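One structure below.
This is a predicted model, so every value here is computed, not measured. For this chain, numbers begin at 1 and follow the sequence in order. Note: hydrogens, waters and symmetry copies are ignored here, and every other heavy atom, side chains too, is used.
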Amino acid sequence: MPTEPAQVRREHVEAFIAAQLAAHSPATAAQRYRSLRTFWTWAQEEGETQRSPMERMKPPSVPEKAVPVISDDDLSALLKATEGTGFEERRDHAILRVLLDTGMRRGELIGIRLTDVDFDQGVLFVVGKGARPRACPFGSKTARALDRYLRARKAHRDAPEGWLWLGLRGRMTDSGIHQMLERRCQQAGIERVHAHAFRHTASHRFLAAGGQESDLMRLHGWRSRQMVNRYGASAADERAREAHRRMALGDKL
């Protein structure tokens, strides 16, 4: 393969993308395709090459992959695994409740500060992608879990820290959330679930309860309706069947 930008041609880029597809998932190959397009845009602007070898190239197709929602039985088992009055039990139970109730991203979760908790309005203030702030409403059970955690948190050695979630050594990290979920899934006797599965589950439950797509977009911080379709796809067939059963179309004649 040539190493000078001016010598790279379309066939070289196509060979690279083909190699990525052979070794990695279509999503990974598509991400590297987008990164290459960004590079060639920069190379043209900097005068490193007069023409991008990726002109008129199309990105590799990424098949729709529905992330399964977490079943009610598994959710119940997870919540039961965090029952108790200890600090970690109160913290982990509150985290699970927040993830299920709000569908917030893991990065948004660990970015919450004490001042972002508003019990009067029943919301958690987070900063999402694109540095866009939003308010995530929560219900009474999540409010109770948060209140119990905050009372247990007062005795923690790092209680003066401004971050809401505390681990053994100060602020809880992205890795800490991952490890907590892995540990709690083992205790609950269920397959491991990732934090993002809660986002899909929250979306499904909201739509299944009759929520509007436009409201879901605002709650989850999305600007594109395509995201609603993507996150709602996990159990769209189930929702459609349930809607059909409620309508009882064939029973009306």
Side-chain angles (χ1 to χ4, degrees), residues 1-70 99 102-111 126-134 136 172-182 185 191-204 207 213 216-236:
M1 288 288 190
T3 57
E4 291 297 325
Q7 298 175 358
V8 177
R9 298 189 300 275
R10 176 169 176 160
E11 57 263 33
H12 299 133
V13 179
E14 289 177 337
F16 172 75
I17 297 300
Q20 295 301 301
L21 285 168
H24 306 285
S25 69
T28 298
Q31 176 60 51
R32 292 177 181 174
Y33 173 91
R34 291 191 294 271
S35 298
L36 278 179
R37 288 196 70 94
T38 300
F39 168 76
W40 287 113
T41 298
W42 172 86
Q44 283 182 285
E45 292 174 351
E46 292 294 312
E48 294 293 331
T49 183
Q50 294 183 351
R51 190 173 181 179
S52 169
M54 298 182 72
E55 287 182 3
R56 294 186 294 278
M57 277 187 66
K58 294 183 178 180
S61 61
V62 180
E64 187 75 25
K65 184 179 180 181
V67 177
V69 299
I70 309 172
L99 287 173
T102 68
M104 66 175 59
R105 302 176 179 93
R106 187 165 57 182
E108 295 168 345
L109 179 77
I110 63 174
V126 301
V127 178
K129 289 185 177 180
R132 296 192 298 269
R134 74 177 190 281
C136 299
M172 205 167 184
T173 64
D174 189 83
S175 175
I177 298 294
H178 177 81
Q179 293 175 28
M180 181 277 289
L181 286 174
E182 185 175 35
C185 286
E191 292 186 12
R192 186 175 67 179
V193 297
H194 298 279
H196 216 66
F198 284 88
R199 192 162 171 83
H200 286 267
T201 302
S203 300
H204 162 63
L207 294 173
E213 292 184 354
L216 182 61
M217 287 178 64
R218 295 188 66 85
L219 290 171
H220 282 197
W222 295 324
R223 291 188 173 182
S224 169
R225 191 168 293 275
Q226 181 181 0
M227 297 303 293
V228 178
N229 295 334
R230 176 184 173 190
Y231 279 79
S234 300

Under 3.5 Å, side chain of R134 to main-chain N/O of V126, donor-acceptor pair present?
no
Could you walk me through whether R106 and H196 satisfy the side chain to side chain contact (heavy atoms under 4.5 Å, CB included) test, starting with their C-alpha distance in whole Å, then the side-chain angles of each, then the deciding distance to 0.1 Å, before giving a yes or no?
CA-CA 7 Å; R106 187 165 57 182; H196 216 66; over 6 Å; no
Of the non-hydrogen atoms in T201 and I70, which two are nearest, and what is the gap between them?
OG1-N, 2.9 Å
Across all chains, not counting sequence neighbours, the side chain to side chain contact (heavy atoms under 4.5 Å, CB included) partners of P60 are I17, L21, A29, A30, Y33
Not counting sequence neighbours, which residues clear side chain to side chain contact (heavy atoms under 4.5 Å, CB included) with A15? List them please.
M1
Taking everything shown except E55 itself, do over 12 heavy atoms lie less than 6.0 Å from its CD?
yes
Listed by chain and number, what are the side-chain hydrogen bond (donor to acceptor under 3.5 Å, both in side chains) partners of S175, not counting sequence neighbours?
Q179
Identify, with sequence neighbours excluded, every residue that meets side-chain hydrogen bond (donor to acceptor under 3.5 Å, both in side chains) alongside Q44.
none
For R37, all residues meeting salt bridge (charged side-chain N to carboxylate O under 4.0 Å, His left out), sequence neighbours excluded:
none
Treating T49 as the side-chain partner and A43 as the backbone partner, does any N or O pair qualify as donor plus acceptor under 3.5 Å?
no
Residues two or more places apart in sequence or in another chain: which of them pass salt bridge (charged side-chain N to carboxylate O under 4.0 Å, His left out) with E11?
R9
Within the 4.5 Å heavy-atom criterion, are T173 and I110 side-chain neighbours or not?
no
Residues in ring pair (Phe, Tyr, Trp, His ring centres under 6.0 Å) contact with F16, at least two apart in sequence or another chain
none
Evaluate side chain to side chain contact (heavy atoms under 4.5 Å, CB included) for R192 paired with L181, printing each intermediate quantity in order.
CA-CA 7 Å; R192 186 175 67 179; L181 286 174; 6.0 Å; no
Is a side-chain donor or acceptor of R34 paired with a backbone partner of P59 at a separation under 3.5 angstrom?
no
Any side-chain heavy atom of H220 within less than 4.5 Å of one from S203?
yes
Distance, nearest 0.5 Å, that separates CG of L109 from OG1 of T102:
7.5 Å
Restricting to side chain to side chain contact (heavy atoms under 4.5 Å, CB included), what partner residues turn up for R56, sequence neighbours left out?
R10, R51
Locate the shortest heavy-atom distance separating G128 from R105; write the atom from each residue and the value.
CA-NH1, 4.2 Å
Distance from T38 atom OG1 to W42 atom CH2, nearest 0.5 Å?
12.5 Å
List for me each residue that meets side-chain hydrogen bond (donor to acceptor under 3.5 Å, both in side chains) alongside E48, sequence neighbours excluded, and say none if there are none.
none
Heavy atoms of G103 and R199 approach each other most closely as O-NH1, 2.6 Å
Under the ring pair (Phe, Tyr, Trp, His ring centres under 6.0 Å) test, which residues partner H178, sequence neighbours left out?
H194
Side chain to side chain contact (heavy atoms under 4.5 Å, CB included) partners for H24, two or more places apart
Q20, T28, R32
